[in-house]
J.: 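My questions all concern the structure below.
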Amino acid sequence: MELGSHAFLEPGQNRTIPFSSQQDTSIVRQRVPLVKKKHGRLQHGAHPHRVRRPGINSIPTGASRRNGSPPHLKYTTIGDLCITCPPERTAIARKGLDGVMIEPPCLSTCNGRPISKELYELETLFGPKANFVLPHSNGPPYSFMAKVVNKQSGNTVLTCDLRYRVIVKQCKRYKPKNRDLKASCSLGNIWGSRCTFHCRGGGYLSRPNSYVECGENELWEGEEPYCVFNGKEAH
């Protein structure tokens with residue numbers, strides 16, 4: 001998916017949004033370094049190649065901030081490997097859910113190739129393998145710190161500010177049109193909530209099994225019943 005696109009997520013399908021559907025899916029793994037012999041031939045050696053000290057930089061992304069300036073993603077370069085922080089992601093809760101379960105995102109290189117977790121892994125405050133639930137975000141996205149850890153040395157090579165914007169589809173609060181009706185809604189006003197009815201003052205419903213439901217388009221769908229008192233309809 002393109003950066004900034006949406007995806008429906010639920011606990012059984014709790015993958016966060018990938019960087020791009022056209023990204024290079026080959027995984028970056030540890031390479032055996034080459035050592036040069038005196039006579040000029042190359043052989044596989046046990047000595048590690050020289051590694052530059054990681055420097056923290058930032059690169060612009062395709063999305064724009066509210067003030068018009070492009071957001072920048074932090075990255076670091078270790079040897080010939082460029083590691084970048086994950087971009088801001090947007091997730092939409094599935095029908096009947098008031099939040100999204102998130103997995104810690106996978107790391108990628110600066111050109112979008114995924115990095116093997118055997119080399120580097122992103123650890124959040126919940127741990128490297130713990131999922132976490134985020135509710136609807138009103139206003140700014142959720143933001144919390146994470147660190148990129150070298151799996152062999154255990155050292156932190158980069159810190160990232162993870163951002164998630166969570167959307168829970170909601171209808172306006174349901175108010176019965178008929179003042180003799182009282183509504184009871186199963187999930188408040190989120191997508192998938194059903195409101196059933198009963199009559200005030202001892203009447204009975206014209207259609208006892210009637211309900212309205214909050215639809216994906218964030219509008220209430222269905223038809224209200226009416227109340228009957230002493231054989232007379234009340235509208």
J.: Search all heavy atoms of C185 against all heavy atoms of W220 and return the closest pair with its distance.
T.: SG-CH2, 4.5 Å
J.: Any idea which heavy atoms bring S137 and Y142 closest together, and the distance?
T.: CB-CE1, 3.5 Å
J.: Taking the side chain from R165 and the backbone from G139, do they hold a donor-acceptor pair closer than 3.5 Å?
T.: yes
J.: Would a 4.5 Å heavy-atom cut-off, applied to side chains only, mark P86 and C160 as touching?
T.: yes
J.: Y174 versus P176: any side-chain heavy-atom pair under 4.5 Å?
T.: yes
J.: Applying salt bridge (Lys or Arg N to Asp or Glu O under 4.0 Å), can you list everything that pairs with R194, at least two apart in sequence or on another chain?
T.: E213
J.: Do L158 and Y120 have side-chain heavy atoms sitting under 4.5 Å apart?
T.: no
J.: For the atom pair CD (E221) and SG (C171), what is the distance rounded to the nearest 0.5 Å?
T.: 7.5 Å
J.: Which heavy atom of G188 sits nearest a heavy atom of S193, and at what distance?
T.: O-OG, 2.8 Å
J.: So, for F132 and F144, is the gap between ring centers shorter than 6.0 Å?
T.: yes
J.: One pair to check against side chain to side chain contact (heavy atoms under 4.5 Å, CB included): I190 and C214. What are the steps and the verdict?
T.: CA-CA 7 Å; I190 69 171; C214 179; over 6 Å; no
J.: Spell out, as yes or no, whether a donor-acceptor pair under 3.5 Å connects the side chain of T84 to the backbone of C110.
T.: no
J.: Any donor-acceptor pair under 3.5 Å linking the side chain of S206 with the backbone of P225?
T.: no
J.: Say you draw a straight line from CD of Q170 to NE2 of H136; how long is it, rounded to the nearest 0.5 Å?
T.: 5.0 Å
J.: Given side chain to side chain contact (heavy atoms under 4.5 Å, CB included), test V168 with L97 step by step and report yes or no.
T.: CA-CA 8 Å; V168 178; L97 298 178; over 6 Å; no
J.: Do I167 and T90 come within less than 4.5 Å of each other through their side chains, counting heavy atoms only?
T.: yes
J.: Within this structure, what is the NE2-CZ distance for the pair H198 and R200, rounded to the nearest 0.5 Å?
T.: 7.0 Å
J.: Same cluster for L107 and V157 if Ile/Leu/Val/Met/Phe/Trp/Tyr side chains link at under 4.5 Å?
T.: yes
J.: Evaluate the side-chain proximity of L162 to L122: yes if any heavy-atom separation is below 4.5 Å, no if none is.
T.: yes
J.: Where is the tightest heavy-atom contact between C85 and L73, given as atom of each residue plus distance?
T.: O-CD1, 3.8 Å
J.: Sub-3.5 Å donor-acceptor pair from the side chain of E224 to the main-chain atoms of K177, do we have one?
T.: yes
J.: Any chance you could measure E103, atom CD, to T124, atom OG1, to the nearest 0.5 Å?
T.: 11.5 Å
J.: Could you tell me the separation between the OG1 atom of T159 and the NZ atom of K147, rounded to the nearest 0.5 Å?
T.: 10.5 Å
J.: Do K169 and I92 come close enough that some side-chain heavy atom pair is under 4.5 Å?
T.: yes
J.: With a 4.5 Å heavy-atom cut-off, do P135 and V166 have their side chains touching?
T.: no
J.: CG of L81 to CD1 of I83: how many Å apart, nearest 0.5 Å?
T.: 4.5 Å
J.: Answer whether the closest heavy-atom distance between the side chains of K117 and C106 falls below 4.5 Å.
T.: yes
J.: Can you confirm whether N189 is buried at CG, in the sense that more than 12 heavy atoms of other residues, nucleotides or ligands lie under 6.0 Å from that atom?
T.: yes
J.: Between the side chain of Y226 and the main-chain N/O of D180, is any donor-acceptor distance below 3.5 Å?
T.: no
J.: Which atom names give the shortest non-hydrogen contact between N178 and C227, and what distance separates them?
T.: ND2-N, 4.3 Å
J.: A quick test of your reading: do over 12 heavy atoms of other residues, nucleotides or ligands sit less than 6.0 Å from OH of Y211?
T.: no
J.: Looking only at non-hydrogen atoms, find the nearest pair between V212 and E223 and report the distance.
T.: CG1-N, 4.0 Å
